[in-house]
Every structure is written in C-alpha cells, then in structure tokens.
Amino acid sequence: MKIDIGCYYFPNYHTGDSRNKIVHGSNWSEWEPVRKAIPRFPGHVQPRVPLWGETDEKDPAVMAQKIDAAADAGVNVFIFDWYYYDDGPFLEQALEKGFLGAPNRSRIKFCNMWANHDWYDIHPAPLTNRKLLYPGKVTRATFEKIVDIHIRRYFSQPEYYTIDGAPYFSIYELSLLAASFGSADETRRALAEFRTEVKNAGFPDLHLNAIIWGEPILPGENTPQDAAKLAVDLGFDSVASYVWKHHYYCAAPQNPYTEMRDAYFSFWDKTMANCPLEYFPNATVGWDTTPRTMPVQPWDGTGAYPYASVVVGDTPAEFAKALQMIRSRLEKQNPKHPFISINSWNEWTEGSYIEPDTRNGYAYLDAIRQEFPENVQ
C-alpha cells in the first residue's frame with residue numbers, strides 16, 4: 001500500500017516578518033526561545049540544538065535543504081500552517097519565498113492548513129494576562145480573500161497536493177470558523193460556496209479537511225459539540241488530527257510517550273466508529289512546550305499552556321514503533337486515500353519535530369524512510 005506522508009510545517013523560523021518586527025524586533029525568529037530554553041527537571045533535554053544551525057526558512061537554499069531531506073526520507077507533502085487574519089497574512093514568507101522559490105520544490109507536494117486560531121503573545125508566555133495579538137475570528141470578506149488567494153495563487157501550483165484531483169485544504173479551529181460566520185448554517189453555506197468557486201476554476205472538486213480536537217461551541221450556544229459530527233454537518237470531506245496531545249490529558253508533570261500514544265489510538269478507534277468521514281491518522285514525535293515559558297518563571301508542569309506537563313521517553317525508537325503500528329492499522333483498514341500526517345517537521349518549541357538535532361541526528365527521518373521505503377524518491 002502506498003501511503004502519503006504529510007508533515008505539518010510551522011513557519012516561524014525566519015527573520016523579517018512584519019508582525020514579528022513590531023512585537024520582537026527585526027532580527028527575531030522562533031529560534032530565540034529554542035536557544036534560550038532551560039531544563040526544568042533532572043534529565044530534561046533542553047535546549048534542543050538544530051544540527052543545521054539556526055537557518056532562515058525564507059531563503060530558498062535553506063528550504064531546498066529541507067525539501068531534499070524530506071523527500072529522501074519518504075515525506076512527500078509539507079502541510080504549511082497558514083495564517084491570515086482580518087488585517088492580512090502572517091508568517092507567509094516560508095512558503096512564499098522559501099518553498100515556492102526553492103529550485104527543487106517539485107520533489108514534494110505542499111498544501112495549507114488554515115491555522116485560524118487566536119494568536120497570543122507567548123514568545124515567551126507570561127504566567128497570566130497574555131495579550132491577544134490577532135483574533136482567529138474573521139469577517140466574511142476576509143474569508144473570501146482567503147478563498148481567492150488559494151484558488152488564484154496556490155491551487156494552481158503544480159506542487160499543490162490534491163486528492164483525486166481536488167485541492168486539499170485543511171482548517172484547524174472549528175469553533176472560530178463557525179464564529180466567523182455566526183452560525184452552523186452560514187458556515188456550511190460559506191464552505192459550499194468555496195467548493196463551487198474551486199469547481200468554477202476548473203478543478204473537479206475541493207477536498208475540505210477538518211482538524212478535530214476538543215469540543216467546539218457554536219455561536220449563541222453553550223453546549224459543546226462533538227467535533228467530528230460538526231465536521232460532517234458543515235460539509236467537510238475528511239477529518240484529521242494535528243497532534244496527539246489534543247487527545248490526551250497529562251495527569252503528571254512528566255508523562256510517558258507510550259501513554260500519549262495509547263490515548264491517541266483510543267481516540268482513533270472512537271472516531272472511526274462514530275464518524276462517516278475519512279479519518280487521516282497522525283504520528284506525533286513528542287510534546288514539550290517549556291521553550292515558550294519564561295526562564296525566570298517557576299515551572300511545575302501543572303499550569304496552563306505552555307507551563308504544562310512534558311512528555312518523556314519520546315525516542316526515535318518509540319516513534320518508529322508508532323509508525324509501524326499506524327501502518328499496520330491502515331493496511332488492515334485499506335482506506336480509499338491512505339494518508340498519514342506527522343507532527344511535525346519543525347515544532348521545536350513544542351518538542352515535536354523531525355528536523356535533525358545534535359542529539360538524535362537524522363534518526364527520526366531515518367525511521368520514516370525505513371518504514372515507508374516505497375515513498376523515497
């Protein structure tokens with residue numbers, strides 16, 4: 001079975017972003033909190049040090065290195081976390097300048113996950129009173145711009161990832177999506193119009209994917225919704241996960257990787273049993289948000305994000321075992337569109353990345369290549 005492997009890509013590792021300039025200064029990137037991270041308990045692996053150095057992803061040559069490493073390991077899709085607020089884009093240069101400018105970009109596909117969540121000032125995060133910088137709720141006019149940008153700018157790219165010819169477009173936050181339109185009915189109508197516009201542009205269809213996690217609350221209601229059932233109601237084609245942590249409650253300051261994995265597999269079982277849509281499984285590398293905390297503030301692993309617990313035992317060997325388990329399940333299920341997402345290519349400040357570091361080298365990439373050799377180009 002040929003299984004597509006997509007890695008979420010978090011594009012905050014470049015200097016010169018217009019919003020970051022205002023908040024952090026012109027030379028800031030998320031490498032700064034990576035570099036300043038400190039160990040919070042005995043044996044805590046911090047700071048994490050990138051093997052390639054603190055590269056600037058908007059440089060096409062830097063992105064070319066990432067593309068080659070991904071393709072050589074069997075990763076065939078970058079799923080960019082794509083940001084656009086009412087006042088315009090954010091963190092777009094990794095895709096616009098880096099990926100689309102890379103000379104070898106044809107080696108892999110790309111697609112976008114609209115990261116329509118609230119953006120708080122968490123670099124680093126104070127314990128309380130975090131400032132909301134950019135609200136995830138947008139106007140209908142902004143959504144129409146997003147639709148136009150994707151049809152005109154992205155879907156037409158030969159490297160854009162499609163399923164049965166339909167461009168794949170994922171949405172992260174269902175609650176804020178519905179809040180943007182005021183009701184489930186209006187959200188359903190907006191997504192249907194998006195689909196129509198894509199067809200009018202000459203594509204056979206649009207593949208809408210919903211990231212399901214938590215319990216979304218619709219505008220004007222107080223009762224939480226089942227995320228998967230809401231995705232069905234809104235007209236999505238498939239559902240997926242972003243990270244295992246969304247489906248796992250960490251009861252202690254340190255929690256074993258295998259426990260998070262097993263909780264995720266239970267979630268997968270429940271979703272398959274209760275949701276008629278295709279579910280694309282996820283493989284998560286780890287979870288450690290302490291780089292986004294203030295080093296001068298105490299940490300006991302019981303606070304709110306990012307002062308929460310850390311997953312330990314997240315070794316390349318355990319990641320390889322998880323990949324084997326996921327592949328085995330997919331082969332038994334024999335889905336129409338075999339697809340696995342990985343969290344992630346570069347979530348360094350959340351402790352979930354497969355880019356090489358000085359501790360494990362290329363071990364995570366090697367694990368993917370060994371489990372999915374047919375994907376290697």
Side-chain angles (χ1 to χ4, degrees), residues 5-15 29-39 43-81 94-95 98-99 102-105 107-110 243-244 257 282-292 310-324 326 340-373 375-377:
I5 307 294
C7 267
Y8 292 113
Y9 188 103
F10 177 58
N12 203 20
Y13 292 89
H14 60 274
T15 58
S29 76
E30 197 142 348
W31 287 124
E32 184 167 319
V34 173
R35 186 189 326 122
K36 291 182 177 179
I38 60 172
H44 188 198
V45 183
Q46 289 293 350
R48 314 283 184 104
V49 181
L51 186 64
W52 296 336
E54 296 181 5
T55 57
D56 192 319
E57 64 198 355
K58 73 176 184 294
D59 182 343
V62 167
M63 187 60 73
Q65 181 183 36
K66 297 171 186 282
I67 291 170
D68 280 340
D72 289 347
V75 173
N76 52 4
V77 187
F78 276 166
I79 310 169
F80 282 92
D81 296 358
L95 173 56
F99 185 89
N104 61 342
R105 72 185 213 185
R107 291 199 70 192
I108 65 172
K109 300 293 186 180
F110 83 97
V243 65
W244 290 353
Y257 179 82
N282 176 263
T284 291
V285 179
W287 187 255
D288 180 356
T289 58
T290 59
R292 287 182 172 173
V310 169
V311 167
V312 296
D314 48 338
T315 64
E318 287 297 343
F319 177 66
K321 188 183 299 182
L323 291 177
Q324 294 166 9
I326 293 170
I340 297 171
S341 69
I342 292 177
N343 185 286
S344 73
W345 183 262
N346 65 335
E347 285 275 20
W348 288 82
T349 53
E350 289 191 337
S352 195
Y353 59 89
I354 60 173
E355 279 192 336
D357 66 12
T358 56
R359 185 166 183 260
N360 293 304
Y362 285 75
Y364 287 103
L365 290 167
D366 290 343
I368 298 169
R369 185 182 66 255
Q370 291 164 12
E371 186 58 32
F372 302 96
N375 284 27
V376 178
Q377 301 180 28

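These figures come from a predicted structure and were not determined experimentally. We count residues from 1, following the sequence as given. Heavy-atom basis, side chains included; hydrogens, waters and symmetry copies ignored.
- Taking CD1 from Ile354 and NZ from Lys66, the interatomic distance works out to 10.5 Å, rounded to the nearest 0.5 Å.
- To the nearest 0.5 angstrom, Asp357 atom CG is 7.0 Å from Arg48 atom CZ.
- Put simply, the residue from Tyr13, Trp52, Trp348 that forms a side-chain hydrogen bond (donor to acceptor under 3.5 Å, both in side chains) with Glu355 is Trp348.
- In this structure, Phe110 and Tyr9 have side chains that are not in contact, with every pair of non-hydrogen atoms separated by 4.5 Å or more.
- Atom-to-atom distance recorded for Tyr353:OH and Cys7:SG is 14.0 Å, nearest 0.5 angstrom.
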Apply the test side chain to side chain contact (heavy atoms under 4.5 Å, CB included) to residues Phe99 and Ile67: give CA-CA distance (whole Å), side-chain angles for both, the deciding distance (0.1 Å), then the verdict. CA-CA 8 Å; Phe99 185 89; Ile67 291 170; 3.8 Å; yes

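- Residues that satisfy the side chain to side chain donor-acceptor pair (under 3.5 Å) test with Thr15, not counting sequence neighbours, are Asp56, Lys58.
- When every heavy atom of Ala64 is checked against every heavy atom of Asn104, the shortest pair comes out as O-ND2, 3.0 Å.
- Checked by atom type and distance alone, the side chain of Thr55 never pairs as donor or acceptor with a backbone atom of Val62 at under 3.5 Å.
- Contact check for Trp287 versus Asp314: no side-chain heavy atoms found under the 4.5 Å cut-off.
- Contact check for Ile108 versus Gln377: side-chain heavy atoms found under the 4.5 Å cut-off.
- The minimum heavy-atom distance linking Tyr257 with Ala322 is given by the pair OH-CB, 4.0 Å.
- Interatomic distance, Ile342 CD1 to Tyr364 OH, rounded to the nearest 0.5 Å: 12.0 Å.
- In terms of heavy atoms, Ser352 sits closest to Val285 at OG-N, 3.4 Å.
- Counting heavy atoms from C-beta outward, Val75 and Phe372 have side chains that stay 4.5 Å or more apart.
- Here Arg35 pairs with Glu54 in a salt bridge; the nearest charged N to carboxylate O distance falls below 4.0 Å.
- In this structure, Gly53 and Trp31 approach most closely via the heavy-atom pair O-CZ2, 4.1 Å.
- Remark: the backbone N or O of Met63 is not paired with any side-chain donor or acceptor of Glu57 at under 3.5 angstrom.
- Proximity of Phe78 to Leu95: side-chain heavy atoms (C-beta onward) are nowhere separated by under 4.5 Å.
- In terms of heavy atoms, Pro60 sits closest to Pro103 at O-CD, 4.3 Å.
- Between Arg107 and Asp68 there is a salt bridge, since at least one side-chain N of the basic residue sits less than 4.0 Å from a carboxylate O of the acidic one.
- How far CZ of Phe319 is from CG of Leu365: 8.5 Å, rounded to the nearest 0.5 Å.
- No hydrogens or angles considered: nothing links the side chains of Asn282 and Asn343 as a donor-acceptor pair under 3.5 Å.
- Judged by distance alone, with hydrogens and angles left aside, the side-chain atoms of Asn375 form a donor-acceptor pair with the main-chain N or O of Gly74 at under 3.5 Å.
- Residues Asp81 and Glu347 have side chains in contact (heavy-atom distance under 4.5 Å, counting atoms from C-beta outward).
- Atom OG1 of Thr315 and atom CZ of Arg359 lie 9.0 Å apart (nearest 0.5 Å).
- The closest side-chain heavy-atom distance from Thr290 to His44 is below 4.5 Å.
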Pair Phe10-Glu350, side chain to side chain contact (heavy atoms under 4.5 Å, CB included): steps then yes or no: CA-CA 11 Å; Phe10 177 58; Glu350 289 191 337; over 6 Å; no

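- The two atoms that bring Pro291 and Asp288 nearest to each other are CD-O, 3.5 Å, heavy atoms only.
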